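The structure presented is a predicted model; accordingly, all values stated were derived computationally and were not measured.
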Amino acid sequence: MLSMNFLRQAARSARTFSTTSIARKDLVQDLYVKELKAYKAPVAAKDAHVGVVKNFSLPAVPKPPTLPVDLAAELTAYDATEPTKAEAEVTSSTVHAGEDVGKGADAFLGFLEADVKQAEVHH
């Protein structure tokens with residue numbers, strides 16, 4: 001019951017306390033709105049864009065690719081050549097790989113499953 005009386009008194013005091021929010025005006029806001037209303041945008045000249053914007057011109061039309069005159073002869077010549085560069089790269093990479101090359105997947109898995117010696121820690 002005591003809390004109800006307290007709430008009623010607080011509500012009455014809140015009602016009686018008033019501010020003059022209508023009478024209090026924001027002078028800065030009034031000045032800002034007044035200046036916005038009075039602003040006139042400068043008139044741009046009709047030829048103001050000359051020299052600033054480039055004239056648009058279409059790019060040159062690309063030429064379509066042409067097929068060789070003797071396509072069959074070139075294809076047979078291509079089929080007859082032996083690929084040599086790829087083999088040279090494979091042989092050079094096997095030289096640098098070391099002793100594990102060519103042992104197979106089983107040797108690699110065995111290497112992974114092998115016990116690793118732990119470094120001794122000195123206290």
Side-chain angles (χ1 to χ4, degrees):
M1 198 61 156
L2 182 62
S3 63
M4 290 296 282
N5 289 334
F6 178 74
L7 290 174
R8 285 182 187 160
Q9 287 176 354
R12 285 184 196 146
S13 65
R15 285 188 217 141
T16 59
F17 180 75
S18 66
T19 61
T20 55
S21 61
I22 297 172
R24 186 177 67 184
K25 293 184 178 181
D26 191 0
L27 295 177
V28 175
Q29 182 180 2
D30 290 343
L31 285 172
Y32 182 72
V33 169
K34 181 179 134 187
E35 291 297 321
L36 278 177
K37 289 179 180 178
Y39 178 74
K40 302 288 183 194
V43 178
K46 290 184 179 182
D47 60 348
H49 68 281
V50 175
V52 179
V53 180
K54 293 181 180 180
N55 291 332
F56 178 74
S57 60
L58 290 172
V61 178
K63 296 179 182 177
T66 59
L67 292 175
V69 177
D70 194 11
L71 184 60
E74 288 189 19
L75 285 175
T76 55
Y78 177 76
D79 289 338
T81 59
E82 292 290 326
T84 56
K85 187 174 181 179
E87 291 175 7
E89 290 178 3
V90 170
T91 56
S92 65
S93 66
T94 57
V95 172
H96 298 293
E99 69 267 354
D100 291 336
V101 174
K103 291 185 178 178
D106 292 330
F108 180 70
L109 291 174
F111 169 75
L112 290 177
E113 292 172 353
D115 291 333
V116 179
K117 292 183 180 178
Q118 297 293 330
E120 294 182 21
V121 179
H122 299 286
H123 295 286

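- Applying the side chain to side chain contact (heavy atoms under 4.5 Å, CB included) criterion to E35, with sequence neighbours excluded, gives no partner residue.
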Hey, can you pull the donor-acceptor pairs under 3.5 Å for the side chains in residues 38-66, sequence neighbours left out?
none

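- Interatomic distance, L27 CG to K34 NZ, rounded to the nearest 0.5 Å: 11.5 Å.
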Run V33 and K37 through side chain to side chain contact (heavy atoms under 4.5 Å, CB included) and show every step you take.
CA-CA 6 Å; V33 169; K37 289 179 180 178; 3.7 Å; yes
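- Through side-chain heavy atoms spaced under 4.5 Å, either directly or across other Ile, Leu, Val, Met, Phe, Trp or Tyr residues, L36 is tied to Y32.
- Through direct or relayed side-chain contacts under 4.5 Å between Ile, Leu, Val, Met, Phe, Trp and Tyr, Y78 connects to no other residue.
- Summarising the hydrophobic clusters (Ile, Leu, Val, Met, Phe, Trp, Tyr; side-chain heavy atoms under 4.5 Å, direct or chained), the residues clustered with L75 are L71.
- Annotation for L31: hydrophobic cluster partners, listed by chain and number, are none (ILVMFWY side-chain heavy atoms under 4.5 Å, direct or chained).
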